[in-house]
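Below: one structure, written as structure tokens.
Basis for what follows: all heavy atoms, side chains included, without hydrogens, waters or symmetry-related copies.
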Protein chains: 2
Amino acid sequence: MSLQLPVQTVSRLCLIYRVLLGMDRETVLSSSKLGKLVNIPAHTIRKDLSVAGKLKSSNAGYKAGELLDFINGLFKFDAPLRVCVAGIGLLGSSFIKNPVQEGGQFIIVAGFDTNINKIEVMKSDVPLYPAYEMADRIRELKIDLGIIAVPAQAAEITMQRMKEGGIKGILNFSPAILGDKDIAVRNVHFAEELRFLTAMIPDLEKGD
Amino acid sequence: MSLQLPVQTVSRLCLIYRVLLGMDRETVLSSSKLGKLVNIPAHTIRKDLSVAGKLKSSNAGYKAGELLDFINGLFKFDAPLRVCVAGIGLLGSSFIKNPVQEGGQFIIVAGFDTNINKIEVMKSDVPLYPAYEMADRIRELKIDLGIIAVPAQAAEITMQRMKEGGIKGILNFSPAILGDKDIAVRNVHFAEELRFLTAMIPDLEKGD
DNA sequence: CCTCGGTTGTGAAATATTTCACAAGTGAAA
DNA sequence: TTTCACTTGTGAAATATTTCACAACCGAGG
């Protein structure tokens, strides 16, 4: 069943999914209108839907709700996922305090930190545990995804603990570059986003 | 001069640049050793360097410092860039309080917010200004890049103000999807990173 | 000097992805 | 019913990107 979609197609479908979420289900969109909203050419959107197996609906635009359901059918985005956060620093605690509101898709169920004091002092609705309990708690709480927000030197061991607990995917905000053949890992690094941005600007006159 | 490199090549060179930064300049790396550090196949690294115009150095590995210089020569990463942050919320102020330490490449020189109280109350080394002054201040302070960390509904006007001030690139953390034909824009959305991650996991058994 | 294990740089082949072009469908209006 | 201005879905063509294979090179150790 799981036909292997091109990575970029997956990425674009995620983007489209996002704008559809914030839209009335009854809204009717043509591929070109949708394209303007997400900065993707209309023919690319149509091709993406085509290779993803979109069945013929009508030749008068897409109903937002139907598209949403179609993408859900592909990726099961409507099933809630249980997420934990490792590292309760500035970034980590922002995930715990401002939980991601995406139609309840992601539920933060645990936080971890090596600093026991921090765990005891900080008050939060999400239960916090010491880092060494990570693998057990992940198993016990049936956690699907992990967010790593620890310093670089602790990133590798954190990933190992998460793997040991049976986690399926990791979003890594630490400066370390993580990767694994068994689980999906995505590295996000703010400075590098800035750097990539500048590399894409053709003729940047430096400010000084 | 600016030969048009494939986007993915640029992205990989940025990643390589990052690991090289945290390394002694004298370290000698083969393409395969480097590849293991960044999770990129060795032949892809060699091809990237080749199309980027790497001139023959030796057939016994790369010296970290030389590679660094080579990538700098391509993208001018050593010239410092002046950056501003729009939206002094949790995320925005984290950029101001914990400035990105990437060899001094990025210097945060201003923060903006519509909430005047916030600007007056918050103390920071970085000067803060009301949002309506944005275009003028950007011009005056010769700001190159902008980070948008405002709510979705304010994102578009913020981008317009930045453009008006003559900014060259924008890193957008708001939930809005921004794009522009004149300037480089990069959208980063945490929930979507998580969603993309789950879409890439082949057979994810949902936790509940 | 010669060999050996390891290395780079790069054309050419193999893939992957995007773009194009168009037949065919839709709904409204006359 | 016929036209009109729109739409989708998709093979095929055009591009882009990755992978491969290998000649040429390096440095160490005879």
Open item on the list: Applying a 4.0 Å non-hydrogen cut-off, can you work out what Ser30(B) is touching in the nucleic acid: base, sugar-phosphate, or nothing?
Closed with: sugar-phosphate

Task: Sidechain-backbone polar pair: Asn187(A) side chain, Leu178(A) backbone, donor-acceptor under 3.5 Å - done: yes

Report, one line per pair, each donor and acceptor closer than 3.5 Å where one atom sits in a side chain of residues 153-162 of chain B; sequence neighbours left out.
unit_1	atom_1	unit_2	atom_2	d
Glu156(B)	OE2	Gln160(B)	NE2	3.1
Thr158(B)	OG1	Ala154(B)	O	2.6

TODO: Classify the nucleic acid contact of Ser58(B) as base, sugar-phosphate or nothing, counting any heavy atom under 4.0 Å across all strands shown.
DONE: sugar-phosphate

Task: Angle between terminal axes - the helix from dC1(C)-dG30(D) to dA30(C)-dT1(D), 5 pairs each end, rounded to 10° - done: 0°

Task: Span of DNA chain C in contact with chain A (heavy atoms, under 4.0 Å) - done: dT17(C) to dT26(C)

Open item on the list: For Phe190(B) and Phe173(A), I'd like to know if the aromatic rings sit close, meaning centre-to-centre distance below 6.0 Å.
Closed with: yes

Open item on the list: Taking the cut-offs as 6.0 angstrom to the six-membered ring centre and 45 degrees off its axis, would you call Arg195(B) and Tyr17(A) a cation-pi pair?
Closed with: no

Can you give the donor-acceptor pairs under 3.5 Å from side chains of residues 124-134 of chain B to other protein atoms, not counting sequence neighbours?
unit_1	atom_1	unit_2	atom_2	d
Ser124(B)	OG	Val126(B)	N	3.0
Ser124(B)	OG	Val126(B)	O	2.5
Glu133(B)	OE1	Arg137(B)	NE	2.8
Glu133(B)	OE1	Arg137(B)	NH2	3.0

Open item on the list: Are Arg82(B) and Phe106(B) packed together at the side-chain level, in the sense that at least one heavy-atom pair is separated by less than 4.5 angstrom?
Closed with: no

Task: Whole-Å distance separating the NZ atom of Lys63(A) from the C1' atom of dT8(D) - done: 16 Å

Task: Pairing of Asp48(A) and Arg12(A) as salt bridge, 4.0 angstrom limit - done: yes

- [ ] Decide, yes or no, whether a salt bridge links Lys168(B) with Asp182(B) under the criterion of side-chain N to carboxylate O below 4.0 Å.
- [x] no

TODO: Could you tell me the separation between the CG atom of Leu49(A) and the P atom of dT7(D), rounded to a whole number of Å?
DONE: 15 Å

Open item on the list: Within the structure provided, determine whether Leu5(A) and Leu13(A) are in side-chain contact (heavy-atom separation under 4.5 Å).
Closed with: yes

- [ ] Would you kindly compare Leu29(B) and Lys47(B) by the position of their nearest DNA chain C nucleotide and give the one closer to the 5′ end?
- [x] Leu29(B)

- [ ] For the residue pair Asp144(A) and Val83(A), establish whether any side-chain heavy-atom pair is separated by less than 4.5 Å.
- [x] no

Open item on the list: Can you work out whether Gly61(A) or Asn59(B) has the more 5'-proximal nearest nucleotide on DNA chain D?
Closed with: Gly61(A)

- [ ] By nearest nucleotide on DNA chain C, pick out whichever of Pro6(A) and Tyr62(B) is the more 5' one.
- [x] Tyr62(B)

- [ ] Could I get the full list of salt bridge (Lys or Arg N to Asp or Glu O under 4.0 Å) partners for Lys54(A), not counting sequence neighbours?
- [x] none

- [ ] Taking only heavy atoms on the protein side, list every residue of residues 178-189 of chain A lying under 4.0 Å from any atom of DNA chain C, sorted numerically.
- [x] none

TODO: Using atom CG of Leu34(A) as one end and atom C1' of dC6(D) as the other, report the distance to the nearest whole Å.
DONE: 17 Å

